[in-house]
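Reviewing the structure listed below.
Protein chains get the first letters and strands the later ones, always in sequence-line order, with residue 1 at the start of each.
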Amino acid sequence: MSIKVKLDNGKEAVYPEGTTCFDLYKEKTADNKELLAVLVDGKECDLGQPLPDNSNVALVDFDSPQGADIYRHSASHVLAHAVKRLYPEAKLGIGPAIENGFYYDFEFEEPISSDDLETIEKEMKKIVKERKQIRRREMSREEALRLFEERNEPYKIELIRDLPEDAAISCYEQDDFIDLCAGPHLSHTGMVKAFKLTGLAGAYWRGDERNPMLQRIYGTAFPSKERLQHYLDMLEEAKKRDHRKLGRELELFSLHEEGPGFPFFHNNGTVIWQELTDYWRIEHRRAGYEEIKTPLILNRSLWEQSGHWDHYRDNMYFSQIDEQDFAIKPMNCPGAMLVYRSKMHSYRDLPRRIAEMGIVHRHELSGTLHGLMRVRSFTQDDAHIFMLPDQVESEVAGIIDLMDRIYRVFGFQYRVELSTRPGKAMGTLEMWDKATNLLEKVLLEKGVDYRINDGDGAFYGPKIDFHLEDCLGRSWQCGTIQLDFQMPEKFDLTYIGEDGNKHRPVVIHRVIYGSMERLIALLIEHYGGAFPTWLAPTQVAIIPVTDRSHEYGRQIYDRLKGEGLRVTLDQRNEKVGYKIREAQVNKIPYMLIVGDREVKSGQVAVRHRGEGDLGADDLSNLIEKINKEIEEKII
RNA sequence: GCCGACGUAGCUCAAUGGUAGAGCAGCUGAUUUGUAAUCAGCAGGUUGGGGGUUCAAGUCCUCUCGUCGGCUCCA
């Protein structure tokens, strides 16, 4: 018997029955791709598996979509193998590949410390060197249960019990180590070429805080030492760009014990903040938005009406005024609802796009706070759009356009996700389907590339999320567009239709920046502190060479100030190199060096933080250039 | 909130249980400087906070606050 196989290069070939994927590619690793596994009819398979007849086969290397995951998943098995050798009593949790690496959860008899990682890493290296065969074993549920009972692995048994009735159960075995696993895996442990354990942390079994906390070991693995090193270098670079570090060095903001999670913005950070909101207002006025401001503290009755009292109380701050309960707002919606409800609306008034730079306070768990990224008080660039049902499509499209325009200005790439009905949701299935389909339709019409995030919608409606990617490829959720079926009901919002009757408007809740604090953190890291000139807290530093040129420097300073530029004059008794270094470290876009030569010629010597010495120029030319750069928000 | 680590001058970091130090920043003075750090001097601290062990605590124990890495949650 022979089998027919179609390769990914389009060629068909006939092989004897029992031919494995590995045989197929044995002679064919010449195209410099490291063969890790294969896709048989689109399904990931081990190299050792025999090929079925009439199958389509594609090679999987590290850089194919599944490759890195398979590779790192095998690395996680090597980790677990090493741990079991060193700590035979440790219980295995789960050990998947994740973005940029892998982890494995264990329950140790005695907690290990990060110093132990080195020992574990050494043992892993041994296992890699031993080139242990990795074998797949399929077995019945009973067999699997018996196996892991013998091996005293309660978490594995729990996993097997939760597998669907008809699921094929497979294990992977290397030497005396065996793990419940769907696979696929590399063929032997020697294929794991470069890895590093990167961290140790607590993690609840199955992510549920009611379950025991296991110890999670993080690691990463690459097909070569060079690529591993490259990744580690990137982590170093990320550390250099950390907004908490740059925020302190550039005097943008600070955090204090006296206000955990409540950031203090210093002048430099406030300048950036204001530039961002100024730009935001221009774009929103142009897009037909109104802007409001609503109170920070509102009566309990409002929060009962909005449902926050029941659903969000744990995250709220409270106060008592005249023996009445008040709450500090955790969201802006109820305020916007009151503004809408403060007058009668005709269908002709809609849509009403009501924006608010609203400060919200949320009592987040102490362990989640992180610089400006995760805080307890933040400003949302919120907007609530009240509209007729048949306006939803064009309004959503309008928001998507606005987001795209704004994100482009910062040079962000972004990813879009459509989140659908969660398990516990309000409203009928039909309503959800209709709304979700509508959002999807707009995305398709706009030609937006998106991903479905099943079951991740808000309880009150489906949403589209925008994840911004920074220059290191990390992504952060910023923008979101949420359809809200609940608020109009709860606040009994109405408009008078053409027919003279009252109708229910549709509400969209949306943010573009997300939170000012998070956006600023993201921008700090994205630009590595070197803000484009329009955002830079100081745009020009004037550096006189000696005190003979102080007066000339002062004239230049006054002129630039008059132009509305943010400028400093460095009259300290220091050498030019020293002043330049400091301006450079502070990432000031332009440095103007003025000495005897410039006093004589009436020019300025221009130095740019990125391009270096640009030579002498007339001040008016330079002002024109800088103003254009600011006007066009050149990155 | 939970698991783990950490907390020393404004910042980065030293200090076997035995007199708390350095570099940078700051201040003072000298130097008049041409594209990433001129030299010298001075000052700077209840070692996050409370309690305890000890002849003696930055160091050991305990409580607490905060920070960091995760879990969870989310903008």
Side-chain angles (χ1 to χ4, degrees), chain A residues 103 105 107-108 111-115 198-218 242 244-245 248-249 251 254-261 312 314-315 330-332 358 360 362-382 456 458 465-468 476-480 482 509-519 521-522 543-550 572-586 591-598 605-609 611-616:
Chain A
Y103 67 80
D105 288 343
E107 185 180 83
F108 290 95
I112 61 163
S113 82
S114 45
D115 300 337
T198 51
L200 179 67
Y204 300 111
W205 168 240
R206 299 185 135 182
D208 190 327
E209 59 188 338
R210 287 165 303 194
N211 287 337
M213 168 112 18
L214 309 180
Q215 279 194 294
R216 175 171 298 178
I217 299 176
Y218 284 91
D242 191 315
R244 293 167 299 190
K245 179 172 178 282
R248 188 176 50 238
E249 289 171 357
E251 291 181 55
S254 59
L255 289 158
H256 304 272
E257 282 196 26
E258 291 82 349
Y312 209 71
D314 289 349
N315 281 302
M331 295 184 194
N332 301 305
V360 297
R362 298 181 186 175
H363 183 242
E364 302 291 350
L365 297 178
S366 59
T368 66
L369 302 181
H370 177 94
L372 294 182
M373 293 284 189
R374 289 283 297 170
V375 291
R376 282 175 169 165
S377 160
F378 56 102
T379 303
Q380 291 184 305
D381 65 318
D382 224 333
D456 210 38
D465 290 328
F466 291 73
H467 298 258
L468 299 191
W476 306 90
Q477 197 205 307
C478 286
T480 178
Q482 310 186 345
H509 167 111
R510 53 111 279 196
V511 293
I512 294 181
Y513 287 164
S515 102
M516 292 298 296
E517 288 76 0
R518 176 178 291 182
L519 177 72
L522 184 47
I543 300 175
V545 178
T546 70
D547 49 19
R548 287 194 300 280
S549 39
H550 278 188
R572 289 175 307 174
N573 182 6
E574 294 289 351
K575 294 171 90 167
V576 179
Y578 181 90
K579 297 182 187 178
I580 286 176
R581 179 184 151 79
E582 196 167 284
Q584 197 75 43
V585 166
N586 285 326
M591 287 155 263
L592 306 186
I593 290 86
V594 292
D596 295 338
R597 291 204 294 267
E598 287 70 30
V606 184
R607 180 188 167 97
H608 186 266
R609 70 176 169 210
E611 295 156 49
D613 192 348
L614 299 178

Pairs under 3.5 angstrom, nitrogen or oxygen only, protein versus nucleotides 68-72 of chain B, please.
| from | atom 1 | to | atom 2 | distance (Å) |
| --- | --- | --- | --- | --- |
| B:C68 | OP1 | A:Arg244 | NH1 | 3.1 |
| B:C68 | O3' | A:Arg244 | NH1 | 3.4 |
| B:G69 | OP1 | A:Arg244 | NH1 | 3.4 |
| B:G69 | OP1 | A:Arg244 | NH2 | 3.0 |
| B:G69 | OP2 | A:Arg244 | NH1 | 3.3 |
| B:G69 | OP2 | A:His370 | ND1 | 3.2 |
| B:G70 | O3' | A:Tyr218 | OH | 2.9 |
| B:G70 | O2' | A:Tyr218 | OH | 3.2 |
| B:G70 | O6 | A:Gly367 | O | 3.4 |
| B:G70 | N3 | A:Gly202 | O | 3.4 |
| B:C71 | O4' | A:Gly202 | O | 3.4 |
| B:C71 | O2' | A:Tyr204 | N | 3.1 |

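- Donor-acceptor pairing under 3.5 Å is lacking for the side chains of A:Arg518 and A:Gln477.
- Of the candidate nucleotides B:U32, B:C73, B:G26, B:G26 has the atom nearest to the side chain of A:Arg572.
- Judged purely by atom type and a 3.5 angstrom limit, A:Gln482 has no side-chain atom pairing as donor or acceptor with the backbone of A:Ala458.
- For the pair A:Val375/A:Leu369, no side-chain contact is recorded, criterion being any heavy-atom separation below 4.5 Å from C-beta on.
- Within the structure, salt bridge (Lys or Arg N to Asp or Glu O under 4.0 Å) contacts touching residues 363-376 of chain A (residues at least two apart or in different chains) are A:Glu364-A:Arg374.
- With hydrogens and angles disregarded, a donor-acceptor distance shorter than 3.5 Å links the side chain of A:Ser549 to the backbone of A:Val594.
- B:C55 and B:A43 have their P atoms separated by 37 Å, with the value rounded to a whole Å.
- Across all strands, A:Asp596 comes closer than 4.0 Å to base atoms (heavy-atom distances).
- What separates CG of A:Asn211 from P of B:C3 is a distance of 15 Å, to the nearest Å.
- Taking atom NZ of residue A:Lys245 and atom C1' of nucleotide B:U67, one finds them 17 Å apart after rounding to whole Å.
- Here, B:G18 and B:U38 have their P atoms 39 Å apart, quoted to the whole Å.
- In this structure the side chain of A:Asp314 never reaches within 4.5 angstrom of the side chain of A:His363, judged on heavy atoms.
- What separates CG of A:Leu214 from P of B:C3 is a distance of 13 Å, to the nearest Å.
- Regarding contacts with the backbone of B:C73, every side-chain N or O of A:Arg362 stays at 4.0 angstrom or more from both OP1 and OP2.
- Rounded to whole Å, the separation between the C1' atoms of B:C61 and B:U54 comes to 12 Å.
- Across the C1' atoms, B:C27 and B:A9 are found 15 Å apart, a figure rounded to whole Å.
- Within the 4.5 Å cutoff, the side chain of A:Thr368 has no heavy atoms near those of the A:Met373 side chain.
- Not counting sequence neighbours, the partners of A:Tyr218 by the side-chain contact (heavy atoms from CB on, under 4.5 Å) test are A:Ile98, A:Tyr103, A:Thr198, A:Ala201, A:Arg216.
- Residues A:His608 and A:Val606 fail the side-chain proximity criterion, which asks for heavy atoms closer than 4.5 Å.
- One interatomic measurement links the two molecules: CD1 of A:Ile543 to P of B:G34, which rounds to 13 Å at whole-angstrom precision.
- Spacing between B:G34 and B:G69 at atom C1', rounded to whole Å, works out to 47 Å.
- You won't find any donor-acceptor pair under 3.5 Å spanning the side chain of A:Glu251 and the base of B:G10, going by distance alone.
- Among the atoms of the strands shown, none is found under 4.0 Å from any heavy atom of A:Gln215.
- Not a single donor-acceptor pair under 3.5 Å links the side chain of A:Asp382 to the backbone N or O of A:Gly358.
- Heavy atoms of A:Ala583 sit nowhere under 4.0 angstrom from any nucleic acid atom.
- Both A:His256 and A:Glu249 sit near RNA chain B, but only A:Glu249 has its closest nucleotide nearer the 5' end.
- B:G7 and B:A14: their C1' atoms are spaced 15 Å apart (whole Å).
- Judged by distance alone with a 3.5 Å cut-off, a donor-acceptor contact links the side chain of A:Arg607 to the base of B:U35.
- Ionic pairing of A:Asp208 and A:Arg206 is not present here: no N-O contact between side-chain nitrogen and carboxylate oxygen is shorter than 4.0 angstrom.
- Within the nucleic acid shown, A:Val375 comes within 4.0 Å of at least one base atom, counting heavy atoms only.
- In this structure A:Glu582 satisfies the salt bridge (Lys or Arg N to Asp or Glu O under 4.0 Å) test together with A:Arg572, sequence neighbours excluded.
- Taking the P atoms as reference points, B:G4 lies 48 Å from B:C42, given to the whole Å.
- Nucleic acid contact class of A:Arg548 (heavy atoms, under 4.0 Å, all strands): sugar-phosphate only.
- The C1' atoms of B:G48 and B:U59 are separated by 16 Å, rounded to the nearest whole Å.
- With A:Asp465 contributing its side chain and A:Cys478 its backbone, the two residues share no donor-acceptor pair below 3.5 Å.
- Distance, A:Gln482 CD to B:C74 C1': 11 Å, rounded to whole Å.
- Distance A:Ile593 CD1 to B:A36 C1': 11 Å, rounded to the nearest Å.
- Under the 4.5 Å side-chain criterion, counting only non-hydrogen atoms from C-beta, A:Lys579 is in contact with A:Pro544.
- Counting any heavy atom pair closer than 4.0 Å across all strands shown, A:Arg597 reaches a base atom.
- Following rounding to the nearest Å, A:Asp456 (CG) and B:C74 (C1') show an atom-to-atom distance of 10 Å.
- Within the nucleic acid shown, A:Glu611 has no heavy atom closer than 4.0 Å to any nucleic acid atom.
- Note on A:Gln584: a base of the nucleic acid sits closer than 4.0 angstrom, heavy atoms only.
- If you take CD1 of A:Ile580 and C1' of B:U35, they are 3 Å apart, rounded to a whole angstrom.
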**OP:** Using a 4.0 Å heavy-atom cut-off, write out nucleotides 37-48 of chain B from 5' to 3' as B (base contacted by protein), S (sugar-phosphate only) or - (no contact).
**Re:** BB----------

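- Among the protein residues, A:Val576 comes within range of the sugar-phosphate backbone only, with heavy atoms under 4.0 Å from sugar or phosphate atoms but none that close to a base.
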Original post:
Where does RNA chain B pair, written as one dot-bracket string 5' to 3', with Watson-Crick or G-U pairs under 3.5 Å, ( ) inside the strand, [ ] for crossing pairs and | for another strand?
Top reply: (((((((..((((....[..)))).(((((.......))))).....(((((..]....))))))))))))....

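- Distances from the side chain of A:Pro260 to the nucleotides B:G34, B:G66, B:C74 place B:G66 closest.
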